[in-house]
There are 2 protein chains.
Amino acid sequence: MQKRVKVTIEDVAAAAGVSRQTVSRVINNGPNVKPAVRQRIEAIVERLGYVPNISARRMGGARSYLILSINDRARTFENWQSGRGNDWVDQMLYGGMSECERHSYHIVLELIDTDSDSTIPQISRVVGSLRPDGVILTPPHCDNPALVGWFERQGIASARLGHREGGAHVDVFMDDAGAMREVTAHLLALGHRRIGFLAGPPSYGPSQQRRSAFEAALDEAGLPPAAGQVGAGNFYFDMAVGVLEAMLDSPEPPTAIIADNDKMAFAALHVAASRGLRVPDDLSVVSFEDTPAVRLSVPPLTAIRQPTAAMIGKACAQLIAISRGEEGLGAFELPYEFVVRASTAAPRA
Amino acid sequence: MQKRVKVTIEDVAAAAGVSRQTVSRVINNGPNVKPAVRQRIEAIVERLGYVPNISARRMGGARSYLILSINDRARTFENWQSGRGNDWVDQMLYGGMSECERHSYHIVLELIDTDSDSTIPQISRVVGSLRPDGVILTPPHCDNPALVGWFERQGIASARLGHREGGAHVDVFMDDAGAMREVTAHLLALGHRRIGFLAGPPSYGPSQQRRSAFEAALDEAGLPPAAGQVGAGNFYFDMAVGVLEAMLDSPEPPTAIIADNDKMAFAALHVAASRGLRVPDDLSVVSFEDTPAVRLSVPPLTAIRQPTAAMIGKACAQLIAISRGEEGLGAFELPYEFVVRASTAAPRA
DNA sequence: AAGAACTTTGGGAACGCTCACAAAATGAAT
DNA sequence: ATTCATTTTGTGAGCGTTCCCAAAGTTCTT
């Protein structure tokens, strides 16, 4: 029994002896349909293999059933082309697709240049054509006020990662400061007294939160300011290598390194290997992202596991809710995990 | 000047003093429009920020401007959850998005279970709703005859990875046997005489091609069959670890390992580290995938670089061509690269 | 038992575009 | 000029839904 893909709502209506509107009510779980009729229609939908046409739905004034994910072209390119372990997109996708699927939504990815003159035109083109119900802005797009404002003015709900204001947005984030406190406590407990932090870009909020928490934690532990060195690695492997080299060449080199993302943690592993330093004996390394790659590195990295998939999943869920006319805006904190693996140990005496 | 997203073709037509059909011709690059008129309309389109509504286009009987990418849920989940470096999806996306963008297409990813009773129903639902112009079947979906057949019967063009039959499909692949010959030649030239191959799953065509080429190459070099050990790692880290342990415990352990994908190459790195074997001095390792992660591992891996992004890009390009009514079916071989890095060296004397 | 008030169903219109074809304008050929 | 062929433009219909409102069928009041 070869099912045709082109079954329409009229086919179902005819088979059920009702009008299309009644069928429409059933497939949209609308009210005011007699249980018996509803059941009959559902059976026919099943039998005929009817699936609503997403384009027609959209034309009929309904939702688009599309969530747009806007990703930075440059970053994606860089990751694709030279970065290590951008499982980030994977995780994001996984979280997003799983959630969307539950509501018959679809996720469309688009590469957009950040902070260029053509950013808005590019987005305008995509949004105009796709008319998504909601948009997920991934870093660094979520930090671009022009862009965020554009969506607001267009009345399109947007979700941001790593922001916590909520308000007119769906914001999903984790407790960055708390995570950093855990990490520093772990290192201090091991006996480290000089710790380096390879920080992400200054424009990225969570990085700033982590940085402040880092400095505060060392201060609270009664260590002098010089105990904590902060270097700007900006999430880049190469930049992190340079910064770390300088740290290790300083008169009082750190015995432990906290990297703001995996790529910079791998840079630390590299620099250590190239200098004959053993991890964790000579240098402890902690990462602040924990994409899957981290678990299998040599040695496996101790890391804060950022709940990326969960964050995107939550973002989708809220956007979908909003598109249904339900409440959905707000700021949502998701739990991270601190996973201690083999890259941290007590410093050598 | 706040551009409204909701500019329609009628708005443009009115502004230009022509009919919607003429505007339609212009935006679709159709023939038979006076150059002057075309130019005038183009200017107005620009000024008004008009973008065709993808749903309306679809309803009008045109293409959907959507390419569907069907990915294995289990594999994606596994990668997401425990694998190392599934930059694969990244690369795929990058290649696909870049190509789609050039033609105002969009790429929609969907997770589908492989080889389950619900595979076809799942696909049927997604395809029925989205009505994509073409479909990219990624492994292992492209090896599922029921699925491939379904798309054929539905008259939806599908692209497969790693197949080379062409015919009713768009097939994109690389010269797997040639790549394997290069790898073995490299290792033999270094002086290796016992080589292990961690093979991918038997159902995956390219893996079989590599395996045959591996055995043939050793044979041609005049080595005894025992010189080449083949173990089934099935692309899994853990499985590869087990297989490799057994190889290394054999009376004549290999001095070089060829892994059929990166994840298994990392497994080799792990096993080596756990046994105190140094790479490349005690064990050479080559991978057959070369996702970005490989470049930054310690040591960086010698690898065949699979042209994943290019393959998906080509697949998209051909599917788009077909959707336009142009020729597009066929088998397309894309060039791989052999990149020698620091994980291969002459075996110890 | 008749109206009021709700529940259930259906019919027309609209969404924004592209088809297929018809009409008008242009140009070439006589 | 007139006809014919060709290029350019416009019109009506339709794609498959949902919206909006009206009609028919219930149930509840009094």
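Below, read A as the first sequence line, B as the second, and so on, with proteins coming before strands; counting in each chain starts at 1.
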Quiz prompt | Partners meeting side-chain contact (heavy atoms from CB on, under 4.5 Å) with A/I322 (sequence neighbours left out) | solution = A/A157, A/V170, A/L329
Practice problem: Apply side-chain contact (heavy atoms from CB on, under 4.5 Å) to A/M174 and list each qualifying residue two or more places apart in sequence or on a separate chain. | Solution: A/D176, A/A179, A/F288, A/I304, A/Q306, A/P307, A/Y336
Would you check if the side chain of [X] reaches a backbone N or O of [Y] as a donor-acceptor pair within less than 3.5 Å?
{"X": "A/H163", "Y": "A/C142", "value": "yes"}
{"X": "A/D171", "Y": "A/A331", "value": "no"}
{"X": "A/N28", "Y": "A/G30", "value": "no"}
{"X": "A/S116", "Y": "A/D113", "value": "no"}
{"X": "A/R160", "Y": "A/V172", "value": "no"}

Quiz item: Quantified as the angle between the terminal helix axes (five pairs each), what is the overall bend of the helix from C/dA1-D/dT30 to C/dT30-D/dA1 to 10 degrees?
Solution: 40°
Nearest whole angstrom, please: distance from the [atom2] of [N] to the [atom1] of [X].
{"X": "A/I41", "N": "D/dT17", "atom1": "CD1", "atom2": "P", "result": "14 Å"}
{"X": "A/I9", "N": "D/dG16", "atom1": "CD1", "atom2": "P", "result": "11 Å"}
{"X": "B/N53", "N": "D/dG16", "atom1": "CG", "atom2": "P", "result": "16 Å"}

Self-check item: Set of salt bridge (charged side-chain N to carboxylate O under 4.0 Å, His left out) partners for A/R38, sequence neighbours left out
Solution: none
Quiz prompt | Contact boundaries on DNA chain C for chain A, cut-off under 4.0 Å to non-hydrogen atoms | solution = C/dT7 to C/dG16
Practice problem: In plain terms, say whether A/E99 and A/K314 are close enough for a salt bridge, that is, a side-chain N and a carboxylate O under 4.0 Å apart. | Solution: no
Practice problem: Take nucleotides 4-10 of chain D nucleotide by nucleotide from the 5' end and write B, S or -, depending on whether a protein heavy atom sits under 4.0 Å from the base, only from the sugar-phosphate, or from neither. | Solution: ---SBBB
Quiz item: Any idea which heavy atoms bring B/V126 and A/H106 closest together, and the distance?
Solution: CG1-CE1, 4.1 Å
